[in-house]
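Heads up, the thing below is written out as structure tokens.
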Amino acid sequence: MPRPDKVTYYGQVAGSSAGRDYKQQVLAALDLRPGQTVLDVGCGPGTDLADMAEAVTASGSVIGVDVEPAMVEEASRRLADKPWVEVRRGDAHALPVPDASVDRARADRMVQHVADPAGVFAEFRRVLRPGGLACVAEPDWDSLVIDPGDVETNRAFNRFVCSTMVRNATVGRQLARLAHHAQLEVCDVVTAAPVFRDFTLADKILGLSRNAERAIRAGQLDRAAGERWLAELSAGPFLATSVLFMAVVRRT
């Protein structure tokens with residue numbers, strides 16, 4: 001099963017009840033107010049820029065940054081009616097934002113993919129004004145639990161995803177330490193455990209079928225066991241969940 005294109009994938013996550021719930025938690029943690037400047041690092045196709053723009057109003061400003069030109073183009077198109085939103089192409093390790101220029105910053109499931117998580121946190125400290133807040137939300141792929149199905153196959157699937165598919169698969173549990181080393185004050189760390197009860201939706205968002213097939217081809221999952229596991233999941237009743245960490249940090 002091929003992975004959906006990124007614009008479709010981001011929309012599926014944001015449109016799911018699990019996605020909406022934790023995104024609202026992140027938005028609330030940022031404590032956005034009119035007149036503030038807010039930065040969304042790894043903004044993708046602009047899925048969440050409109051909510052931030054409404055919170056800071058036209059008296060504030062929103063800056064979206066993404067490394068992919070197609071995402072910058074799509075986000076710019078979507079937010080064209082809000083002139084206080086600007087989308088820039090840039091790398092999270094070298095943000096196209098001046099020192100001490102933003103009141104709030106956010107990264108949603110982005111640090112798991114970067115080459116240097118510590119460098120990204122150093123950039124948060126650089127661009128935040130004194131007293132500014134950042135909220136970083138990251139999953140822990142090693143915590144993925146799925147029912148029904150063989151537990152050992154679930155664990156083998158997790159090992160493959162963590163070792164091969166996601167660069168920083170357990171970075172969620174590291175957020176507080178990364179912030180501390182970047183000389184950012186850790187205000188709070190909370191967790192959410194989004195629950196999926198629909199196999200079809202979970203399969204799209206969590207990549208169960210496509211990554212199980214990759215694990216089989218890589219010799220990390222027995223084909224018979226993998227196919228039996230997927231058949232049991234699709235037959236249901238189905239449940240999947242994993243831990244998502246949300247860290248709120250401040251530049252002092």
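- Here the side chains of Ser61 and Glu86 are not in contact, with every heavy-atom distance at 4.5 Å or above.
- No donor-acceptor pair under 3.5 Å is formed between the side chain of Asp188 and the backbone N or O of Met246.
- The nearest pair of heavy atoms linking Ala53 to Lys82 is CB-CD, 3.8 Å.
- You'll find the side chain of Arg78 reaches within 4.5 Å of the side chain of Pro45, heavy atoms only.
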Report task. Go through Val114 and His93 one step at a time and tell me if the side-chain contact (heavy atoms from CB on, under 4.5 Å) criterion holds. Result -> CA-CA 8 Å; Val114 303; His93 304 89; 3.7 Å; yes

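- For Glu213 and Arg210, the salt-bridge test fails: no basic side-chain N is under 4.0 Å from an acidic carboxylate O.
- Under a hydrophobic clustering in which Ile, Leu, Val, Met, Phe, Trp and Tyr are joined whenever their side-chain heavy atoms come within less than 4.5 Å, directly or via other members, Leu206 and Val166 fall into the same cluster.
- Taking CG of Leu230 as the reference point, atom CG of Leu221 lies at 8.0 Å (rounded to 0.5 Å).
- Taking CG of Leu39 as the reference point, atom CG of Leu30 lies at 10.5 Å (rounded to 0.5 Å).
- Separating the CD1 atom in Ile63 from the CZ atom in Arg104 is a distance of 14.5 Å, to the nearest 0.5 Å.
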Yes or no on side-chain contact (heavy atoms from CB on, under 4.5 Å) for Glu74 and Val72, after CA distance, side-chain angles and deciding distance?
CA-CA 6 Å; Glu74 177 64 16; Val72 173; over 6 Å; no

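- No donor-acceptor distance shorter than 3.5 angstrom exists from the side chain of Asp40 to the backbone of Ala105, with no hydrogens or angles considered.
- In the displayed structure, Arg223 atom CZ is contacted under 6.0 Å by more than 12 heavy atoms of other residues, nucleotides or ligands.
- Residues Asp31 and Arg33 form a side-chain contact, since some pair of their non-hydrogen atoms from C-beta on lies under 4.5 Å apart.
- Summarising the geometry of Val189 relative to Val186, their closest heavy-atom pair is CG2-CG1, 3.8 Å, with the distance given to 0.1 Å.
- For the 3.5 Å distance criterion, the side chains of Ser242 and Ser143 fail to qualify, holding no donor opposite an acceptor.
- Side-chain N or O atoms of Asp140 include none that pairs as donor or acceptor with a backbone N or O of Gly172 at under 3.5 Å.
- Atom CG of Asp147 is separated from atom OG1 of Thr241 by 12.0 Å, given to the nearest 0.5 angstrom.
- Looking at Ser101, its side chain never comes within 3.5 Å of a backbone N or O of Val97 through a donor-acceptor pair.
- Smallest separation of non-hydrogen atoms from Thr57 and Gly35: OG1-N, 4.3 Å.
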* Might you work through the side chain to side chain donor-acceptor pair (under 3.5 Å) test for Thr170 and Asp142, ending with a clear yes or no? => CA-CA 7 Å; Thr170 59; Asp142 193 39; over 6 Å; no

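- The cluster map of Ile, Leu, Val, Met, Phe, Trp and Tyr, joined by side-chain heavy atoms under 4.5 Å apart, puts Val161 and Ile205 in the same cluster.
- Salt-bridge annotation for Arg77 and Glu73: absent, with no side-chain N of the basic residue lying under 4.0 Å from a carboxylate O of the acidic one.
- For the atom pair Arg217 CZ and Phe160 CZ, the distance stands at 10.5 Å (nearest 0.5 Å).
- Side-chain atoms of Glu227 never come within 3.5 Å of backbone atoms of Ala224 as a donor-acceptor pair (strictly under, hydrogens ignored).
- There is a path of hydrophobic side-chain contacts, each under 4.5 Å, that joins Ile146 to Leu244.
- Arg251 places no side-chain N or O within 3.5 Å of a backbone atom of Arg129 that could act as its donor or acceptor partner.
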Criterion side-chain contact (heavy atoms from CB on, under 4.5 Å) on Arg125 and Gln183, from CA distance to verdict: CA-CA 8 Å; Arg125 188 181 190 284; Gln183 298 182 317; 3.6 Å; yes

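- Under the 3.5 Å distance criterion, the side-chain polar atoms of Asp66 are left unmatched by any main-chain donor or acceptor of Met71.
- Side-chain polar atoms of Arg214 and Asn211 form a donor-acceptor pair below 3.5 angstrom.
- Under a hydrophobic-cluster definition in which Ile, Leu, Val, Met, Phe, Trp and Tyr are linked whenever side-chain heavy atoms come within less than 4.5 Å, directly or via other members, Trp141 and Val171 are assigned to different clusters.
- Between Leu128 and Val102, some side-chain heavy-atom pair lies under the 4.5 Å cut-off.
- Taking all atoms of both residues into account, the shortest heavy-atom contact from Gln24 to Asp51 is NE2-OD2, 4.3 Å.
- If you take CD on Gln174 and CZ on Phe245, they are separated by 10.0 Å, rounding to the nearest 0.5 Å.
- The aromatic rings of Phe238 and Phe199 lie perpendicular to each other, with more than 60° between the two planes, well past the 30° mark.
- Between Cys43 and Leu49 the shortest heavy-atom distance is CB-CD2, 4.3 Å.
- Looking only at distances, a side-chain donor or acceptor of Asp103 sits under 3.5 Å from a matching main-chain atom of Thr37.
- Between the Glu138 side chain and the Met110 main chain, a donor and an acceptor come within less than 3.5 Å of each other.
- Within the 4.5 Å cutoff, the side chain of Arg106 has heavy atoms near those of the Val26 side chain.
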- Item | Evaluation steps, salt bridge (Lys or Arg N to Asp or Glu O under 4.0 Å), between Asp48 and Lys23 | CA-CA 8 Å; Asp48 304 307; Lys23 284 177 178 291; 2.8 Å; yes

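- Looking at every heavy atom in both residues, Arg250 comes nearest to Cys187 through NH1-SG, 3.3 Å.
- Side-chain contact check for Asp99 versus Val127: every heavy-atom pair is 4.5 Å or farther apart.
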Quiz prompt | Audit row: Val249, Leu133, side-chain contact (heavy atoms from CB on, under 4.5 Å) steps and yes/no | solution = CA-CA 6 Å; Val249 303; Leu133 293 176; over 6 Å; no

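- Val65 and Val62 fall into different hydrophobic clusters, where Ile, Leu, Val, Met, Phe, Trp and Tyr are joined by side-chain heavy atoms under 4.5 Å apart, directly or via other members.
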